[in-house]
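Below, chain A is the first sequence line, B the second, and so on; all start at residue 1.
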Protein chains: 2
Amino acid sequence: MATIYDVSLRAGVSLATVSRVINKNNNVSDKTRQKVLEAMAELDYRPNTIAQSLASNVSNSVGVLVSQLDGPYYGPMMAEIEAALRAQNKHVIIAVGHSDAAVEQDSVEFLLSRGCDALILDVEAVSDDYLVKLSQRSVPIVLINRYIQAMEPCCIYLNNELGGYLATRHMVDLGHRSIAYISGPKNKHDAMERLVGHQRALAEGGLVFDPALYIEGDYKEEGGEAGMLALLQTGKSFSAVVCANDQMASGAIAVCLQRGLVIPRDLSVIGYDNVPFAKYISPKLTTVNNPIHEMGKMAALWVLRHVYADDQTLVNNVFEPELVVRGSAIRAVN
Amino acid sequence: MATIYDVSLRAGVSLATVSRVINKNNNVSDKTRQKVLEAMAELDYRPNTIAQSLASNVSNSVGVLVSQLDGPYYGPMMAEIEAALRAQNKHVIIAVGHSDAAVEQDSVEFLLSRGCDALILDVEAVSDDYLVKLSQRSVPIVLINRYIQAMEPCCIYLNNELGGYLATRHMVDLGHRSIAYISGPKNKHDAMERLVGHQRALAEGGLVFDPALYIEGDYKEEGGEAGMLALLQTGKSFSAVVCANDQMASGAIAVCLQRGLVIPRDLSVIGYDNVPFAKYISPKLTTVNNPIHEMGKMAALWVLRHVYADDQTLVNNVFEPELVVRGSAIRAVN
DNA sequence: CTGTTAGCGCATTCAT
DNA sequence: ATGAATGCGCTAACAG
């Protein structure tokens with residue numbers, strides 16, 4: 001593989017000049033630039049990005065840490081991040097944290113050891129404190145799906161409280177008076193925020209939060225199944241159930257179907273996230289839109305702007321959820 | 001950040017010795033090794049992987065190119081690849097090809113320019129010829145989901161013909177005599193292979209392939225919807241439809257539901273891939289299992305073994321699909 | 001506008 | 001078992 005040196009020989013210029021044309025430095029006359037370009041073409045020269053990184057102390061790589069890669073949630077986010085970064089010739093190194101604090105920290109170190117210029121993190125298990133300290137190291141950090149006051153400008157997150165509120169509010173508006181809730185794991189921030197919103201909507205509607213109609217789930221289909229089963233077994237009646245994400249909603253619906261319950265006739269169900277398959281389960285799932293892909297894109301733009309000084313227009317840091325009305329929730333009969 | 005040089009000073013040894021302990025070279029006495037290790041700890045030394053790469057000509061990074069990141073298909077594959085590689089301290093750089101030949105080639109060059117030690121490719125648009133030539137360059141290539149004779153040992157693929165056969169064979173076994181088929185795009189290899197299997201099962205069952213009951217889809221939900229709509233409009237009767245993937249099956253089922261058709265009573269449906277959400281659509285989708293995550297893992301192990309001489313046990317290159325019977329297909333009434 | 005000179009942090013001969 | 005010397009391919013002052 002040809003090096004910058006070979007090119008300089010062939011073009012009859014110095015190393016520095018070749019470097020200048022590679023880096024689009026303007027201080028090169030058109031004629032020399034041409035000579036160099038030709039030499040490069042003839043030698044099929046490709047810059048060695050590793051050498052560039054070592055010499056310039058910029059790796060052009062950004063690390064992305066997510067909780068999981070399977071599941072419907074992170075794919076769209078990763079896709080946007082890759083696209084935005086790739087368009088500016090940056091590459092993304094992925095790591096998975098599995099929602100485990102030790103693994104998350106290890107992943108961060110791993111990414112750092114790879115010389116990433118910035119880190120985009122979607123972590124849930126690690127403490128605020130750890131992240132604040134991390135942000136004080138030299139590598140820029142962007143947090144997706146998490147708000148930490150001390151890191152405000154680099155947090156990109158959804159107003160989850162509002163989302164939880166919107167979901168339950170929708171049920172209240174439809175006349176439901178007895179509303180069950182299948183939550184995400186209580187150790188996850190967003191799950192707790194959604195719950196708070198749920199309770200606010202309840203209170204606003206003059207309803208009391210009934211612990212017997214509250215189930216802690218796991219954000220997975222299995223948790224939705226187990227949650228619905230548990231709810232059914234309480235013997236308490238309820239006409240609506242709000243699930244803290246679509247996966248649990250789909251699990252809950254599956255259980256209802258098995259039991260001969262017709263959705264939404266016998267029970268109204270609403271999910272959260274608006275994952276791609278939400279509109280392909282039947283009935284089409286009423287849910288709350290979580291613009292996860294936009295948040296991914298925003299994180300990438302943030303990095304381009306702040307780390308690579310690539311003049312990108314940033315829209316915002318905090319995103320608003322929106323109700324998506326489809327067919328799984330209807331007006332209560334009474 | 002401390003360098004190997006700082007460590008050598010503190011430990012009172014030479015650069016070479018420090019390098020030896022980093023690389024677990026045995027030619028170091030226990031005492032010196034201890035001194036060096038201590039110095040490293042005290043300085044919180046971390047090797048600069050970029051410098052290591054430049055000096056050793058090994059980047060410890062492997063490029064992974066997939067068609068898309070969203071959708072249910074690639075997530076599980078990526079997850080396995082990341083896990084296997086990460087366990088051996090290799091990192092994965094992702095790129096997306098969007099099933100477009102130009103983008104795929106550009107992505108390959110991009111990955112190559114990043115100094116990847118190997119490439120794992122799941123490409124569909126690029127020609128066999130291109131891949132063969134690529135494999136003759138110096139960077140090892142693994143192909144997922146594609147078989148090219150000249151590259152046999154580095155192809156990891158599914159017997160798609162068998163899968164297509166199994167799906168249709170299941171319908172035939174259930175007594176269906178009029179079986180529609182919604183195919184994947186005809187420019188995709190796997191789609192064509194599945195179709196061949198379908199036709200074999202038809203022939204074996206004494207049925208003739210009816211072009212009027214064949215629709216070319218796009219492997220997406222939309223294609224399944226459009227396909228089912230088109231099928232319904234032909235006016236021809238059919239009691240079963242086999243879809244070339246689960247996403248199209250879910251789209252097809254959604255259309256049926258809208259039209260008041262009950263699945264599987266009025267129509268039996270089978271999908272292909274067994275993506276995670278297949279068992280959460282209702283009725284639970286009968287399908288053909290595609291062990292995509294295992295193929296991902298195998299690709300990663302292949303790289304570890306052949307590129308990094310990490311002694312991994314390889315299982316196999318060609319995977320067999322299996323029928324997964326759930327609730328969307330039943331015996332034909334007649 | 002162009003060339004010279006130093007490193008970037010590490011691996012790797014080759015000596016000893 | 002250890003050290004000295006060289007270079008990986010490139011960027012970035014600094015000169016001119």
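A cation-pi arrangement, defined by a distance under 6.0 Å to the six-membered ring centre and an angle within 45 degrees of its axis, is present between K90(A) and Y308(A).
The shortest distance between the side-chain N/O atoms of S29(A) and the OP1/OP2 oxygens of dC1(C) is not below 4.0 Å. Note on Y5(B): every side-chain N or O is 4.0 Å or more away from OP1 and OP2 of dA11(C). For the pair S19(B) and dA11(C), the criterion of a side-chain N or O lying under 4.0 Å from OP1 or OP2 is met. OP1 and OP2 of dT11(D) both lie 4.0 Å or more from every side-chain N or O belonging to S56(A). Not one side-chain nitrogen or oxygen of S14(B) sits closer than 4.0 Å to the OP1 or OP2 atom of dA4(D). Q52(B) has no side-chain polar atom (N or O) that falls below the 4.0 Å cut-off from OP1 or OP2 of dC10(C).
For D106(B), the salt bridge (charged side-chain N to carboxylate O under 4.0 Å, His left out) criterion is met by R86(A), not counting sequence neighbours.
Taking five base pairs at each end of the helix from dC1(C)-dG16(D) to dT16(C)-dA1(D), the local helix axes there meet at an angle of 30°, rounded to 10°.
At a threshold of 4.0 angstrom between heavy atoms, the contacts of S53(B) with the nucleic acid are absent. Among the atoms of the strands shown, only primed sugar atoms or phosphate atoms (P, OP1, OP2) are found under 4.0 Å from some heavy atom of N23(A). Note on V13(B): only backbone sugar-phosphate atoms sit closer than 4.0 angstrom, heavy atoms only; bases stay farther off. Among the atoms of the strands shown, only primed sugar atoms or phosphate atoms (P, OP1, OP2) are found under 4.0 Å from some heavy atom of N48(B).
Side-chain contact annotation: D122(B) with Y73(B), donor-acceptor N/O pair under 3.5 Å absent. Side-chain atoms of N160(A) and D190(A) form no donor-acceptor pair, as typed in the model, at a separation below 3.5 Å.
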Name the atoms and distances for all side-chain donor-acceptor pairs under 3.5 Å in residues 94-102 of chain A, with sequence neighbours left out.
unit_1  : atom_1 : unit_2  : atom_2 : d
S99(A)  : OG     : E124(A) : OE2    : 2.6
D100(A) : OD1    : A102(A) : N      : 2.8
D100(A) : OD1    : V103(A) : N      : 3.1

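Regarding N27(A), its CG atom lies at a distance of 6 Å from the P atom of dC1(C), rounded to whole Å.
No hydrogens or angles were tested; on distance alone, nothing pairs the side chain of R46(A) with the base of dG9(D) as donor and acceptor under 3.5 Å.
Considering only side-chain atoms of I22(A), the nucleotide from dT2(C), dG9(D), dT11(D) that sits closest is dT11(D).
Both R33(B) and R20(A) lie close to DNA chain D; mapped to their nearest nucleotides by heavy-atom distance, the more 5′-ward contact belongs to R33(B).
Using cut-offs of 30° and 60° for the angle between ring planes, the Y157(B) and Y147(B) rings count as tilted.
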